[in-house]
Q: 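Sharing a structure with you now.
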Amino acid sequence: MLIKGYDVGPLVAGESLLARPGFWSNYLLAMCSGGGCAERPVPKWFGEDGADTDALSVVLFDPERWPAFRLPAEDGPGAVVIYRNLDGDYGTDYLLTHPGRSHVEQIASWDGDFSGTGLTWHELVRIVGSPSLRPKASRT
């Protein structure tokens, strides 16, 4: 997978990881671990097991493989979330992709703190509602 500006990292498709036990704990626990929650966050908050969460964190934060999660949209910019696994400098980048352009636009990042503009509610609804993300109807 090639994304201009991310040629220093070994990007790999990460979409298959979304369904694996431990993914959502890894993704969401970081948001509560900085003291923003009244109690220490735990995987069971998300219906997951700590061992699954630990096992998947090895995959998500591997410096040799940077998972990228693509959210294409047919009628405008799509989004990509990248686990930027530089050795000793982990972070998550949120990008917009533009049809017909070779570059991406970084809209946010998470390096222990969230920074950036993110998406408006309208932009998020448009991407999620895109026909390219809707499940295909089964033919019987």
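Computed from a predicted structure; not experimentally measured. Nothing fancy with the numbering, it's 1 onward along the sequence. Computed over heavy atoms, backbone and side chain alike; hydrogens, waters and symmetry mates excluded.
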Q: Show the nearest heavy-atom pair for residues Ile127 and Gly78, with the distance to one decimal.
A: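 Shortest heavy-atom separation between Ile127 and Gly78 comes out as CD1-C, 4.1 Å.
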Q: For a quick test of reading the model, state the closest non-hydrogen atom pair linking Asp54 to Ser57 and the distance between them.
A: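 In terms of heavy atoms, the two residues are closest at O-OG, 2.7 Å.
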Q: State, to 0.1 Å, how close Pro63 and Tyr90 come at their nearest heavy-atom pair, and which atoms those are.
A: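 Smallest interatomic distance, heavy atoms only, reads CG-OH, 3.7 Å.
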Q: With rounding to the nearest 0.5 angstrom, report the OG1 to CG distance, Thr53 to Leu60.
A: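 One gets 10.0 Å once the value is rounded to the nearest 0.5 Å.
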Q: So which heavy atom on Ala108 is nearest to which on Gly118, and how close?
A: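 Nearest pair, atom of Ala108 first, then Gly118: CB-N, 4.1 Å.
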Q: Please report the C-alpha distance between Tyr94 and Leu119 in whole Å, then the side-chain angles of each, then the deciding distance to 0.1 Å, and finally whether the side-chain contact (heavy atoms from CB on, under 4.5 Å) criterion is met.
A: CA-CA 10 Å; Tyr94 301 87; Leu119 294 171; over 6 Å; no
Q: Would you say Leu17 and Val59 make side-chain contact, with heavy atoms under 4.5 Å?
A: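 Side-chain contact under 4.5 Å: yes.
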Q: Of all heavy-atom pairs between Phe69 and Gly14, which one has the smallest distance, and what is that distance?
A: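 Minimum heavy-atom contact is CE2-O, 2.8 Å.
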Q: Please, which pairs that meet salt bridge (charged side-chain N to carboxylate O under 4.0 Å, His left out) have at least one residue in residues 81-92, sequence neighbours excluded?
A: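 Passing the test, one end in residues 81-92: Arg84-Asp93, Arg84-Asp111.
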Q: From Leu96 CG over to Thr117 OG1, what is the distance, rounded to the nearest 0.5 angstrom?
A: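 Nearest 0.5 Å value for the CG-OG1 distance: 8.0 Å.
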Q: Please tell me if the side chains of Pro67 and Asn85 come closer than 4.5 Å, counting only heavy atoms from C-beta onward.
A: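 Yes - at least one pair of side-chain heavy atoms lies under 4.5 Å apart.
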Q: Please check if the side chain of Glu15 supplies one atom and the backbone of Arg70 the other of a donor-acceptor pair under 3.5 Å.
A: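 Side chain of Glu15 to backbone of Arg70, a donor-acceptor pair under 3.5 Å: yes, one is there.
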Q: Working to the nearest 0.5 Å, report the span between OG of Ser115 and CD1 of Ile107.
A: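 So the OG of Ser115 and the CD1 of Ile107 are separated by 11.5 Å.
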Q: Which distance, rounded to the nearest 0.5 Å, do you find between the CG of Leu86 and the CH2 of Trp66?
A: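 Reported to 0.5 Å precision, the distance equals 4.0 Å.
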Q: Check the surroundings of atom CZ in Arg126: do more than 12 heavy atoms from other residues, nucleotides or ligands lie under 6.0 Å from it?
A: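 Yes, enclosed.
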Q: Can you label the angle between the Trp24 ring and the Tyr27 ring as parallel, tilted or perpendicular, going by 30° and 60°?
A: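 Perpendicular.
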Q: Is it true that Trp121 and Leu71 fall in one hydrophobic cluster, defined by side-chain heavy atoms closer than 4.5 Å?
A: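 Trp121 clusters together with Leu71.
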Q: What about Phe61 and Tyr83, are their ring centers closer than 6.0 Å?
A: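 Ring centres of Tyr83 and Phe61 closer than 6.0 Å.
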Q: Please give me the minimum heavy-atom distance between Thr97 and Ala79, naming the atom from each residue.
A: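 Answer, listing the atom of Thr97 first, then Ala79: OG1-N, 4.1 Å.
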Q: Any sub-3.5 Å donor-acceptor pair from Glu48's side-chain atoms to Gly22's backbone N or O?
A: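 Checked: pair present.
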